[in-house]
Amino acid sequence: MISIQRPRRSVLYMPGSNARALEKGRALATDALILDLEDAVSTVNKVEARGLVVKALNQGGYGNRELIVRVNDLDTVWGQDDVRAIAKTSADAILLPKVETAQQIKSLIDLMDASGATQTMSVMCMMETPLGMLNAKEIAAASNRISCFIMGTSDLVKDLHAQHTRMRLPVITSLGICLLAARAYGIGIIDGVCLDLNDDEGFEKSCEQGLELGFDGKTLIHPKTIITANKTFGPSSQAIEKAHEIVRAFDDANDKGQGVVVLNGQLIENLHAEEAKRLIALSDIIAELEQNT
Ligand SMILES: CC(C)(COP(=O)(O)OP(=O)(O)OC[C@H]1O[C@@H](n2cnc3c(N)ncnc32)[C@H](O)[C@@H]1OP(=O)(O)O)[C@@H](O)C(=O)NCCC(=O)NCCSC(=O)C[C@H](O)C(=O)O
Ligand SMILES: [Mg+2]
């Protein structure tokens, strides 16, 4: 089944309190922006940041970029007012931090509905605590308004008393659990951030690892990493050419009443044709968005 609503190769965080970053986001080649009201904003700037984010959203100019606002936890003094304010904007999604239960999602949706959010405004979940990992399935199943999981590997490493390593073995089980839950319930899933801005090679490797694991894209903290994320998570022209070849070979085999075919020494079955079609659909959607952005 092919169900790609939009590409999320690169998803850039920006502090909601940083007017310069909010302005720059209008021209950056990122698929999505997370306008952050939570951890990137100090407590003294929380209310001002909310105002800046609402103003930026109302001004528009972000083209086709998916606009996600990360609100504060609903139990904080800012969380519910964040949701009330963002519900009235044209943001595409509200991202709830530190999701651990399905009830948190239900409470968020009740508040969004009561605050006048459109039904097209989706919900995203920060998956970043040990309890969140253990409840990933229940969270994914909580509502069909959930469009995406976003891994919060910094909080996770902290809560696990683990360490940040290049190949991320300390969080690999958690990444796998969330990938299983997201794919089982047909929702998107984006990998966590790479904190070392001086390690370009390490960043590239973590993107490649994310792609191999099955993530749709990577969350980013700096614009200089957008190109690498887009390149890694977007299908290359060779991959697309190969995908078309697979679809053609499989269709020809089907026309002859065959369920399988060998192409360049590789067995091609229906599942390979489906994956090839997914890549072609992703590439088409990226091309369309890039043309209109
Ligand atoms: C890390 C930064 C504080 C670095 O900022 P700065 O010192 O300004 O960097 P540069 O001078 O190299 O910036 C060059 C230009 O790029 C713009 N810029 C920088 N970062 C961003 C950004 N994120 N979005 C948009 N534009 C950005 C600068 O304004 C410069 O522009 P110009 O004026 O034209 O020269 C900064 O990058 C930053 O704040 N990053 C985001 C940090 C953040 O949001 N962190 C929270 C999210 S991570 C997280 O919480 C993960 C999760 O919850 C978990 O637990 O894992
Ligand atoms: Mg976090």
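In listed order, ligands and their atoms are each counted from 1.
Here is the list of ligand 1 atoms found below 4.0 Å of a heavy atom in Ala21: 24 (N), 25 (C), 26 (N). Atom numbering of ligand 1 starts at 1 in the shown order; those under 4.0 Å from a heavy atom of Pro223 are 16 (O), 18 (N), 19 (C), 20 (N), 21 (C), 22 (C), 26 (N), 27 (C). Within ligand 1, counting atoms from 1 as listed, the ones closer than 4.0 Å to a heavy atom of Ser154 are 54 (C), 55 (O), 56 (O). Proximity to Arg20 (heavy-atom distance under 4.0 Å) selects the following atoms of ligand 1: 29 (O), 32 (P), 33 (O), 34 (O). The contact set between ligand 1 and Lys24, taken as ligand atoms under 4.0 Å from a residue heavy atom, comprises 17 (C), 29 (O), 31 (O), 32 (P), 34 (O). Shown in contact with Met126 at under 4.0 Å from a heavy atom are these atoms of ligand 1, numbered in order with element: 52 (C), 53 (O). Ligand-side atoms of ligand 1 in range of Met14: 24 (N), 25 (C), range being under 4.0 angstrom from any heavy atom. Those atoms of ligand 1 with a heavy atom of Glu128 less than 4.0 angstrom away are 52 (C), 53 (O), 54 (C), 55 (O).
Atom 45 (N) of ligand 1 has Ala40 CB, 3.8 Å as its closest protein atom, hydrogens excluded (heavy atom only). At the top of the distance list for atom 39 (O) of ligand 1, counting protein heavy atoms only, stands Pro15 CG, 3.5 Å. The protein atom (non-hydrogen) at minimum distance from atom 4 (C) of ligand 1 is His222 CD2, 4.3 Å. With hydrogens left out, the protein atom closest to atom 23 (N) of ligand 1 is Tyr13 O, 2.8 Å, a heavy atom.
By the 4.0 Å heavy-atom criterion, Gly192 is excluded from the residues contacting ligand 1. Taking 4.0 Å as the cut-off, Lys158 does not count as a neighbour of ligand 1 on heavy-atom distance. Proximity of Gly25 to ligand 1 is not established, as no heavy-atom distance is less than 4.0 Å.
Other residues, nucleotides and ligands contribute more than 12 heavy atoms inside 6.0 Å of the NZ atom of Lys88. Counted within 6.0 Å of NZ on Lys224, heavy atoms from surrounding residues, nucleotides or ligands total more than 12; the atom is thus considered enclosed. Within a 6.0 Å radius of CD in Gln258, more than 12 heavy atoms belonging to other residues, nucleotides or ligands are found. Summarising the local packing, CD1 of Ile227 is surrounded by 12 or fewer heavy atoms from other residues, nucleotides or ligands at distances under 6.0 Å. Other residues, nucleotides and ligands place more than 12 heavy atoms under 6.0 Å from the CD atom of Glu208. Applying the 6.0 Å contact sphere to CD of Glu138 captures more than 12 heavy atoms from other residues, nucleotides or ligands.
Lys218 NZ to Leu220 CG: the interatomic distance, rounded to the nearest 0.5 Å, is 8.0 Å. Distance check: Met121 CE to Arg145 CZ gives 8.5 Å after rounding to the nearest 0.5 Å. Here the straight-line distance linking atom CG of Leu35 with atom CG of Asn18 works out to 11.0 Å at 0.5 Å rounding. Interatomic distance, CD1 of Ile139 versus SG of Cys125, reported as 6.5 Å (0.5 Å rounding). Rounded to the nearest 0.5 angstrom, Asp82 CG and Thr76 OG1 are separated by 6.5 Å.
Residue Arg70 touches ligand 1 through its side chain alone, judged by heavy-atom distances below 4.0 Å.
Within a 4.0 Å radius of atom 29 (O) of ligand 1, the protein contributes at least one heavy atom. Distance check on atom 7 (O) of ligand 1: every protein heavy atom falls at or beyond the 4.0 Å cut-off.
Of the listed residues (Leu195, Leu156, Leu197), the one carrying the non-hydrogen atom nearest atom 1 (C) of ligand 1 is Leu197.
At under 3.5 Å, not a single nitrogen or oxygen of Asp36, backbone or side chain, sits near a nitrogen or oxygen of ligand 1. Of the N or O atoms in Glu38, none lie within a sub-3.5 Å distance of an N or O in ligand 1. The shortest N/O to N/O separation between Ile221 and ligand 1 falls below 3.5 Å.
In this structure, a donor-acceptor pair under 3.5 Å is absent between the side chains of Asn64 and Glu290. Side chains of Thr228 and Glu204: no donor on one and acceptor on the other come within 3.5 Å.
When Arg183, Arg278, Arg8 are each tested for a salt bridge (Lys or Arg N to Asp or Glu O under 4.0 Å) with Asp216, only one passes: Arg183.
Side-chain contact between Leu282 and Pro235: present, with at least one pair of heavy atoms (C-beta onward) separated by less than 4.5 Å.
The salt bridge (charged side-chain N to carboxylate O under 4.0 Å, His left out) search around Arg65 returns none, not counting sequence neighbours.
Less than 2.8 Å away from the Mg ion (ligand 2), the protein contributes these N/O/S atoms: Glu128 OE1, Asp155 OD2.
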For Asp251 and Lys256, run salt bridge (charged side-chain N to carboxylate O under 4.0 Å, His left out): C-alpha distance rounded to whole Å, both residues' side-chain angles, the deciding distance at 0.1 Å, then the answer.
CA-CA 9 Å; Asp251 285 349; Lys256 292 178 196 147; over 6 Å; no
